Structure formats: C-alpha cells, structure tokens
Number of protein chains: 2
Amino acid sequence: MAEVVVALRAVDASAPEPGFLQIARQLRHEIRSGAYPPGSKLPSETELTRAFGVARMTVRGGIAELRSEGLIVSEQGKGVFVRPRPPVRRLASDRFARRHRDAGQAAFLAEASQVGATPAVDQVQVTSGRPPDSVAGLLGGVTDVVVRSRRYLLDGQPVETAVSYIPKAIAAGTKIADDDTGPGGIYARLEELGHRLDHFVEEVAARMPTQEERFRLQLPAGVPVVTVLRTAYDVHDVPVEVCDTVKSSQSYILEYRVDAT
Amino acid sequence: MAEVVVALRAVDASAPEPGFLQIARQLRHEIRSGAYPPGSKLPSETELTRAFGVARMTVRGGIAELRSEGLIVSEQGKGVFVRPRPPVRRLASDRFARRHRDAGQAAFLAEASQVGATPAVDQVQVTSGRPPDSVAGLLGGVTDVVVRSRRYLLDGQPVETAVSYIPKAIAAGTKIADDDTGPGGIYARLEELGHRLDHFVEEVAARMPTQEERFRLQLPAGVPVVTVLRTAYDVHDVPVEVCDTVKSSQSYILEYRVDAT
DNA sequence: GAGTGGTCTAGACCACCCC
DNA sequence: GGGTGGTCTAGACCACTCT
C-alpha cells in the first residue's frame, strides 16, 4: 500500500480558532480533496501529535469533531479511517404498488431483489396492547392493536427497524397476528380480508438515534436516522395500519412523486 | 426558580462501562424521565464532578456524548441546558398545488401563513453557469442553467437553504433570472411561460451538516439536516427545474401521500 | 468578582489488533 | 511486542455571563 503523504500545518496557538478545530478543518479538507479516500487510514494520533505540534488530547478533539460529523470512524487497535459510503437504497414512490403484492412480494423484498442484495428479517415480535397516543390518533382513536416489531437486513447488515400497529378488530385471529404473515406481507393479508388499500400517508423526519437504535442498526457515531411513520388507508378512507420505521440515513434515499395540480 | 434535586450515583470505576458513558446514561435517563425538562439547566460541571467523583474531563466526556446525540446544548458562561424543541413545520403533500400559486403565494409563504409564523427570505443570489453533474442528469443533460440560491427564515430563525437550477433556455431574460421572481415564485413564472407543471419528484435523505451548513442554518451540534432534491416536470414530462434544499431536521416533518395502486 | 463552560497539557494505564 | 485507539487524571489558563 502506497503511503499517503499530506502536508499538515502546525497548529497556530495564537489564532482565534481553537487548535482542535484547526486540526479538524485541515483533516476535513484533505478528506474532501481526496487525499484520504473513503476507507483509507488517517495518520495515527501519535503522528498527528507530532505533525500539529500539540498534545494528544488536542488531536483527539479534532478527531472527535470529524467523527461527530460522520466523516470518519475510529477502530480501536487499528486506526482512524475515512468512513466508507455503504450502498444506498432508493425507495421509489411506487414501492407499495399492488402489482408487487400480487406478485407475492412484500415491499422490502421487492426492493432488495431490484438491487441484487440479499434481504432478511429478524427480531420478529408479535404482541398486542395499547399503541402510543400519536399512533392511536392516526388510527382514529383505536386503542386495541396487534403490534408487529421486526428488523430488516440487507446482505447481513441491519438497515431498518419497523413496528406495525393494526387494529385488533381487523387483525385478531388472522395471519397478521402470526409470526409469518405469508407472501405479500401485511398489506396482502389486509386486502384478502376485504380492506382494499387506497393510499398511504408517510411522515418523514430525521434525528440522531437513541442508544438502543444505534445498537440495533449498528450505526457508527455521527450517522442520523430517518423516521417514516406510514398510515395505510383503505378505499373507505379508514386507517387500517400504522407502521413506524427507523432507517439508517446511510442506507436510504426516499423518492416521492407529488402532483402539481 | 425551584432547585432540581436529582439522585446521581457515583461512577463505578470497576464496571466494564466507561465512566463518561455511565455519566451520559444517568443524565440521559434523568432528562428522559422529565427530571430535567426542555430548557432547564443541568448541574454545573463542578457540581457533576463532585456528584460523580471523577475528574472534570470525564464529566465533559459524558456531556459531549449527550451533545452529539442532540439532547443538550452548552452555553459558555451560562451552563448546559436540555435542548428545547423548536416548533416543527409540517410540509403537506399538496404544498405545490396550483391553487396556492394562483393565489399568488410561493410554497414557503403559503405554509408559513398557515402556522402563523413570519416568513422571510434572505441571502438571495442569482448567477448562471454549469450545474453539478447530478443536477445536469436530472435536467436531461442541460449544462447551461440559471442558479438561484436563497435562505428561508421563520420568525427570524433560518430553517432552510435552497438552490434552484433552471435551464437557461427557459429562464434567460425572464423574471426567473431577476432577484425578485414576483408573486407565486418560480413555478408561477414557469407556467406563465407556457411550461404547465405536471408533477414533481422529490429525493429525500438525511445526513450531518457541513460546517458551512451548520453556520448558515445556525444549527447546534447533534442536529442533522434533511435534504430534498426536487425536480419539476411539465406536462410534456420535460424537467424544467431542479431545486436542492437543505432543511434543519429540527424544524421539519415532510408528509407525502402515496397511492396503493 | 464569582461562576460558568472552552481549551489545553503531559503524563498514565488499559484493551485491542497484528505480526 | 509494538502500535493503535480508549479512558482518565489533576492541574492550568481563558472567554464569557451575570450580579
């Protein structure tokens, strides 16, 4: 492997900008300019300490800054690396089209097969109880629901968690309350039960993950999550399901079509 | 002001969990449980040093952790505060409906007036040149564009930046290339020019902001941005504009309607 | 002036990885 | 074993805010 040689200027202690930010700025610039491409290793803290002429804790301050920006990841015993960009899934606005359900594919599986990745679902939990108030509101005040929780993986990497809430009046005693919902997923079952789907409303937002989400999605520091709260309506405009998903922002671009009329 | 009294356990140096994470976990729990409501002040670093029985730098490690999670904000000379939740704008999926343009309101103004906030636009820059490759691709290979850059504010707080790219063949010599596009904004002008709009495609993603974005949107640490790349198509399916927006994730929930058919 | 957070030092010991 | 990052200490000085 060729050595990466980069000119780093010593920190100017008399400058108004703090030293650790000067360090972050210089390293950020080198990363952006391509001197350190994704996946490559930065100089060790010891080397940076020498190059910048500061104490190790100051170097670590600069590194912490870039880590919180999501630019780099640290690996104990190995080094600090420019964060490689994982493959991105593009969620098309037709991903809930009926033709996918009719083909026996739940939305997640349909998308995965399009990009040639191996999809998987684990941590499936089915319970029943009372939904959060916000969900109950979307369901028109229903407080008795079946709760389906699961995690989605692509090529073994967790990318998304999802919790579905379906009114018990609809789901009780059906495959929706089973661990395996069968081909086409929840939405195919709902249609079989006579709840012909008309449209979905998705509420999209972003935030930093909780500790638990960071663990479940195996997120490095500095990576936000995208949350999508989806409500499914049948042709009578009755909400039949709310699905609360948390996605790694590294793995997703959401695509929507909006009419101009 | 009543004193907030909270029981904090000293750090256990023999535990496998590092001290600064024990500190972060305890404080996070107190914040979540409501002991420290949004806007309230945490104990000073000196007090925390005493309560946890560790050096100040260890306390600061715990505080840095919560700051990177977006839970708290530090203010020099004043203290560390639980981050207050700013008002959220809900962007409805009909925000580009023609009736808003016909009423002489650009999308941003229409939304603001709905929530009773005072909208403003500043940092308007109009230039021309070559768009980024990704934008050129969306515009069908057009490389000669008018570039409109601006920043949106609500009640004086910046919430969003936007850069529009319009093919020069369409925009040159029109009000679209003026600083003030007039009532109804770019889209109203495009329709007057005969480019009747049919639909938009939006690509939504999230990431941590760059330094410059943090400054322009006045974002505290630990707050991601939501990016929306919108392409406007006319009734002949010709792309007539691409708009690249960067929004504070604190300020937005995006709402989309997706058909099930 | 007293109290707050912001920055920085010069060490130390540890856990982990690779040779 | 040698190099890496992870954690921690006990001080120091500074900039800022409030009274």
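Everything quoted here is computed from the prediction, not taken from an experiment. Residue numbers begin at 1 in each chain, while the letters A, B, ... track the order of the sequences.
Protein atom CG of B/Leu48 is 10 Å distant from nucleotide atom P of C/dT4, rounded to whole Å.
Two residues are said to be in side-chain contact when any heavy atoms from C-beta on lie closer than 4.5 Å; B/Ser74 and B/Ile63 meet this criterion. Counting heavy atoms from C-beta outward, B/Val201 and A/Glu255 have side chains that approach closer than 4.5 Å. The shortest distance between side-chain heavy atoms of A/Glu203 and B/Arg90 falls below 4.5 Å. Within the 4.5 Å cutoff, no side-chain heavy atoms of B/Arg60 are placed close to those of B/Phe20.
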Could you pull out all donor-acceptor pairs under 3.5 Å where a side-chain atom in residues 120-127 of chain A meets a protein atom, sequence neighbours excluded?
from, atom 1, to, atom 2, distance (Å)
A/Asp122, OD1, A/Arg151, NE, 3.0
A/Asp122, OD2, A/Arg151, NH2, 2.9
A/Gln123, OE1, A/Arg216, NE, 2.8
A/Gln123, OE1, A/Arg216, NH2, 3.1

Scan nucleotides 4-13 of chain D nucleotide by nucleotide, 5' to 3', and note B when protein non-hydrogen atoms come under 4.0 Å of the base, S if they reach only the sugar-phosphate, - if neither.
BBBBBBB-B-

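One finds the CG atom of B/Asp155 at 4.5 Å from the OG1 atom of B/Thr118 (value rounded to the nearest 0.5 Å).
For the pair A/Glu213 and A/Arg207, the salt-bridge criterion is met [side-chain N within less than 4.0 Å of a carboxylate O].
Direction change of the helix axis from one end of the helix from C/dG1-D/dC18 to C/dC18-D/dG1 to the other is 10°, with five pairs defining each end axis (rounded to 10°).
Screening B/Glu65, B/Arg67, B/Arg83, B/Arg28 for a side-chain contact (heavy atoms from CB on, under 4.5 Å) with B/Ile72, the sole residue that qualifies is B/Arg67.
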